[in-house]
Student: 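One structure coming up, written as structure tokens, with questions to follow.
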Amino acid sequence: MDSRPSSPEAPPADLWGSILDSVSSSRSIPSKQILLLGQPSTGKSTLAAGLLQKPPADEKEDHATDFAVGYDFANVRDEADEDTLARLSVYTVPSSAPEYTSLLPYFVPPRTALPHTLVMIALDWTRPWTFVEELETWLRWVEKWTRGDGARELEIVREESRERLQAHLQHYSEPSVDPPTAVSSSMSGSTVLPLGPGTLTHNSAGVPIIVVCTKADLFDEGGSDLGTGASGMGGMVRGKGGEWEERTDSIMQVLRTICLKYGAGLFYTTQHPTTLLTLRQYALHMLFLPPAPSLAVASGAEPPAPVRNPFPFTQKPNYLDRDRIVVPAGWDSWGKITIMREEFEARTWGEAWEADLETEGDSPSDGAKALFSALVPDQGVKPTPLPPLNNPTPEQAFLAKNYDENAKRTDRDPRAAFRDSADPMRGAAGLVGPMGGMPSFDLPTVDRVLSEMETGINGNIGAPPPRAAAAPRRPAGLAPSTSPRQPSGPAGGVPTPTSATGGQSQHEVLQSFFDKLLKGGKDRTSASATTTAPKTNGNGNGAAEEGS
């Protein structure tokens, strides 16, 4: 009997599409991303180049390509450089301004990107007094970003991410010579240690965080004066001495205390490639953390096969070499922090940090920022203060205030600007305008010229006024001659106002001038009438006498 079906099974409608989908899903490359946060000039471009294993960009090109949200990516290959294990993307922002940080949720939405994202915060060792303030700014933003829109799907992702980070902290063990599988197998054990005090009290979404202090190689570079050192620590930074070590140890203890609260790692980097390579290995290790053990493992059931991290981190913790600090998450604790300097109180700094987070405005006096400013005074370059605002008095108010004072002042006469300072008599007369600036046409001269004109018009009517010297007659109506006149004054020059007028003042001369002008008009009118009237004889018949 034939067991074969009577008709073959119909092939799928999209045979090639299903084959390609199965191949792509089996060989899909995981994509991971890093949010690189930091203020301007904190070395973000150097960190991004080290994470992607690309040559650092030129300084000029870096300024030319400083976008609102920078992006770059690279493929992560295995040690043999044969297979691509993952694709790593790096997002950067120029500063913490809301105009830039508000764009990141559109490129890295927390609902889909949270399980595949690591946050890296860059701090600049040339400005150590800004560490606590910048950390508070960026960590506040991380909490806001992970909350997203508060959807139910996002809350599930947040819980899974926090459980994964918490499991990593609880099962952490220092790297050893054993194979990596032995390290990962510790997560399958039934013994789970509780978190220590001050550990993972924040970071509710469980996003991996790394705090990176850049330019750590500038520790020993200092100036001769306070505040002139390249590291910004002033004259204190001039070598590895007592005060220098105490201050830098205290700064490291503060940073480790804050990182412990968020389950974050702390790394110091320099321009040396080794420090950047260590940072890259740890970042990939945290991006590929295995998921938290299931509840069946905790209840004692048969554990599943351990999940192996494809990027193990084999670097041991280091808190002694000050230019290459390595403090991975899960290793640190309050006890280890206090070992460096026993006078340091981690609990006090933890409470001070909580006081700052609870205050939205100014930092309280017992907050972390206030305590840190006392530990590391601000030695940055202060901007030049602006001059005080000049609020001018309204014009009418100013005039009303000074009106009475100006009204009493005699030197406020605007006619004084037209007076001739070389002739005090002319200034005293109060003459203004062109007559005040023409020395050859003063009032005595005008009086004499008018007299000559009057004599020329009237002819024989009346005797001419006496003159000091005979002057040639000029036709009526012509202006005075510009040729030199005969000396008539006491000094042989132009007559002075007093000599020409017999001691009269110029006001009197002016009045006499107008009187003569009016009198001369009347005389000319009467003379004209006498000239045109017919001559009569003694008989009164009006006949003209000719030849007599």
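Worth knowing before you read on, the calculation uses all heavy atoms, side chains too, and leaves out hydrogens, waters and symmetry mates.
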Student: Which heavy atom of Thr126 sits nearest to which heavy atom of Pro128, and what is that distance?
Tutor: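 Nearest pair, atom of Thr126 first, then Pro128: C-CD, 3.5 Å.
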Student: Atom OG of Ser96 and atom CD of Glu133: how far apart are they, to the nearest 0.5 Å?
Tutor: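 Interatomic distance, Ser96 OG to Glu133 CD, rounded to 0.5 Å: 9.0 Å.
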Student: Which distance, rounded to the nearest 0.5 Å, do you find between the OH of Tyr268 and the CG of Leu279?
Tutor: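 One gets 14.0 Å once the value is rounded to the nearest 0.5 Å.
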Student: Is any side-chain heavy atom of Lys261 closer than 4.5 Å to one of Thr199?
Tutor: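 Answer no - side chains too far apart.
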Student: Might you work through the side chain to side chain contact (heavy atoms under 4.5 Å, CB included) test for Arg162 and Leu200, ending with a clear yes or no?
Tutor: CA-CA 9 Å; Arg162 182 175 176 84; Leu200 200 61; 3.8 Å; yes
Student: Looking at Arg158 and Glu155, is any side-chain nitrogen of the basic one under 4.0 Å from a carboxylate oxygen of the acidic one?
Tutor: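 Salt bridge present between Glu155 and Arg158.
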Student: Judged by atom type as modelled, is there a donor-acceptor pair below 3.5 Å linking the side chain of Asp332 to the main-chain atoms of Trp334?
Tutor: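 Such a contact is absent between Asp332 side chain and Trp334 backbone.
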Student: Check whether any side-chain heavy atom of Met252 lies under 4.5 Å from a side-chain heavy atom of Ile325, and answer yes or no.
Tutor: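 Side chain of Met252 against side chain of Ile325, heavy atoms only: contact under 4.5 Å found.
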Student: Please check if any side-chain donor atom of His285 sits under 3.5 Å from a side-chain acceptor atom of Gln315, or the reverse.
Tutor: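 No pair is found: no donor N or O on one side chain lies under 3.5 Å from an acceptor on the other.
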Student: Compare every heavy atom of Phe288 with every heavy atom of Pro30, then report the nearest pair and how far apart it is.
Tutor: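 Closest approach of Pro30 to Phe288, heavy atoms only: CG-CE2, 4.0 Å.
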Student: For Glu153, look at atom CD and say whether over 12 heavy atoms of other residues, nucleotides or ligands are found less than 6.0 Å away.
Tutor: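 Atom CD in Glu153 is packed in, count exceeds 12.
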Student: Is Glu343 atom CD crowded by more than 12 heavy atoms from other residues, nucleotides or ligands, each under 6.0 Å away?
Tutor: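 Atom CD in Glu343 is crowded, with more than 12 foreign heavy atoms closer than 6.0 Å.
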Student: So, does Thr146 use its side chain to make a donor-acceptor pair with the main chain of Val142 at under 3.5 Å?
Tutor: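 Answer holds: yes.
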Student: Taking the six-membered ring for Trp, are Trp129 and Phe372 closer than 6.0 Å centroid to centroid?
Tutor: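 No, too far apart.
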Student: Side chains of Val108 and Tyr91: closer than 4.5 Å at any heavy-atom pair?
Tutor: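 They are in contact (side-chain heavy atoms under 4.5 Å apart), so the answer is yes.
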Student: Looking only at side chains, do Lys32 and His116 share a donor and an acceptor under 3.5 Å apart?
Tutor: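 Note: Lys32 and His116 side chains meet the donor-acceptor criterion.
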Student: Quick check: closest heavy atoms across Thr359 and Arg140, and the distance to 0.1 Å?
Tutor: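 What the structure gives for the nearest pair is O-NH2, 3.3 Å.
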Student: So do Val211 and Cys259 actually touch side chain to side chain, heavy atoms under 4.5 Å?
Tutor: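 Side-chain contact under 4.5 Å: yes.
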Student: Using modelled atom types only, decide if a donor and an acceptor are shared between the side chain of Asp356 and the backbone of Ala368 within a distance under 3.5 Å.
Tutor: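 Pair found, side chain donor or acceptor close to backbone of Ala368.
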Student: Donor-acceptor pair, Asp149 side chain versus Ala151 backbone, under 3.5 Å?
Tutor: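 Checked: pair present.
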Student: Hey, is NZ on Lys54 packed in by over 12 heavy atoms from elsewhere, all under 6.0 Å?
Tutor: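 Counting other residues, nucleotides and ligands, NZ of Lys54 exceeds 12 neighbours.
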Student: Step by step, would you call Ile210 with Ile121 a side chain to side chain contact (heavy atoms under 4.5 Å, CB included)?
Tutor: CA-CA 6 Å; Ile210 305 177; Ile121 302 175; over 6 Å; no
Student: Which of parallel (below 30°), tilted (30 to 60°) and perpendicular (above 60°) describes Phe267 and Phe313?
Tutor: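 Perpendicular.
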Student: Considering only heavy atoms from C-beta outward, does the side chain of Trp138 approach that of Val119 to under 4.5 Å?
Tutor: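 A side-chain contact under 4.5 Å is absent here.
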Student: May I have the step-by-step check of side chain to side chain contact (heavy atoms under 4.5 Å, CB included) for Thr201 and Glu354, ending in yes or no?
Tutor: CA-CA 10 Å; Thr201 57; Glu354 298 291 342; 4.3 Å; yes
Student: When the ring centroid of Phe107 is compared with that of Tyr71, is the distance short of 6.0 Å?
Tutor: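 Ring centres of Tyr71 and Phe107 not closer than 6.0 Å.
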Student: Would you say Thr130 and Gln39 are linked by a side-chain donor-acceptor pair, where the criterion is simply a distance under 3.5 Å?
Tutor: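 Side-chain D/A pair, Gln39 to Thr130: absent.
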Student: Among Thr275, Thr269, Thr270, find the residue that satisfies the side chain to side chain contact (heavy atoms under 4.5 Å, CB included) test when tested with Asp323.
Tutor: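 Exactly one candidate clears the test, Thr270.
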Student: A side-chain contact here means heavy atoms from C-beta on lying under 4.5 Å apart; do Leu36 and Leu47 qualify?
Tutor: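 Yes, close enough: below the 4.5 Å cut-off.
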Student: With rounding to the nearest 0.5 Å, note down the distance linking OG1 in Thr84 to CZ in Arg77.
Tutor: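 The distance works out to 3.5 Å.
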Student: Find out whether the Lys NZ or Arg CZ of Arg280 is both under 6.0 angstrom from the six-membered ring centre of Phe311 and within 45° of the ring's axis.
Tutor: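 Negative - Arg280 is either too far from the ring of Phe311 or too far off its axis.
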Student: Donor-acceptor check, side chain of Ser161 to backbone of Val157, threshold 3.5 angstrom: yes or no?
Tutor: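 Confirmed, Ser161 side chain pairs with Val157 backbone.
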Student: Leu123 and side chain to side chain contact (heavy atoms under 4.5 Å, CB included): which partner among Leu255, Val212, Val132?
Tutor: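 By the side chain to side chain contact (heavy atoms under 4.5 Å, CB included) criterion, Leu123 pairs with just one of Leu255, Val212, Val132: Leu255.
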Student: Are any of the side-chain nitrogens in Lys215 or Asp124 under 4.0 Å away from the carboxylate oxygens of its partner?
Tutor: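 Judged by the 4.0 Å cut-off on N to carboxylate O distance, Lys215 and Asp124 do form a salt bridge.
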Student: Hey, mind stepping through Phe344 and Val254 against side chain to side chain contact (heavy atoms under 4.5 Å, CB included) and telling me if it holds?
Tutor: CA-CA 9 Å; Phe344 182 82; Val254 173; 3.8 Å; yes
Student: Which pair of non-hydrogen atoms, one from Ile337 and one from Gln253, has the smallest distance, and what is that distance?
Tutor: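 Closest approach of Ile337 to Gln253, heavy atoms only: O-NE2, 2.8 Å.
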Student: If every non-hydrogen atom of Ala68 is compared with every non-hydrogen atom of Leu103, which pair is closest and at what distance?
Tutor: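 So the minimum-distance heavy-atom pair works out to CB-CD1, 3.9 Å.
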Student: Can you measure from CD (Glu246) to CD1 (Ile251) and round to the nearest 0.5 angstrom?
Tutor: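 Those atoms lie 12.0 Å apart.
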Student: Do Tyr100 and Val69 come close enough that some side-chain heavy atom pair is under 4.5 Å?
Tutor: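 Tyr100 does not reach Val69 side chain to side chain.
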Student: Find the distance between CD (Gln281) and OG1 (Thr314) and round it off to the nearest 0.5 Å.
Tutor: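 Result: 6.0 Å between the selected atoms.
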Student: If only side-chain N and O atoms count, and only distance matters, is there a donor-acceptor pair under 3.5 Å linking Ser250 with Arg341?
Tutor: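 Short answer, no.
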Student: Can you tell me if Asp321 uses its side chain to pair, donor with acceptor, with the backbone of Arg324 under 3.5 Å?
Tutor: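 The answer is no, because no donor-acceptor pair under 3.5 Å joins these two groups.
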Student: Is Ile209 close to Leu139 at the side-chain level, that is, under 4.5 Å between some pair of heavy atoms?
Tutor: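 A side-chain contact exists here, since the closest heavy-atom pair is under 4.5 Å.
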Student: Mind listing the closest non-hydrogen atom pair of Leu88 and Val76 along with its distance?
Tutor: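 Smallest heavy-atom distance, with atoms named: CB-CG2, 3.8 Å.
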Student: Return the CG to CG distance between Leu104 and Leu37, rounded to the nearest 0.5 Å.
Tutor: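 If I round to the nearest 0.5 Å, the distance is 7.0 Å.
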Student: Does Tyr172, at its OH atom, have more than 12 non-hydrogen atoms belonging to other residues, nucleotides or ligands within less than 6.0 Å?
Tutor: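 Yes, because the 6.0 Å sphere around OH of Tyr172 holds more than 12 heavy atoms from other groups.
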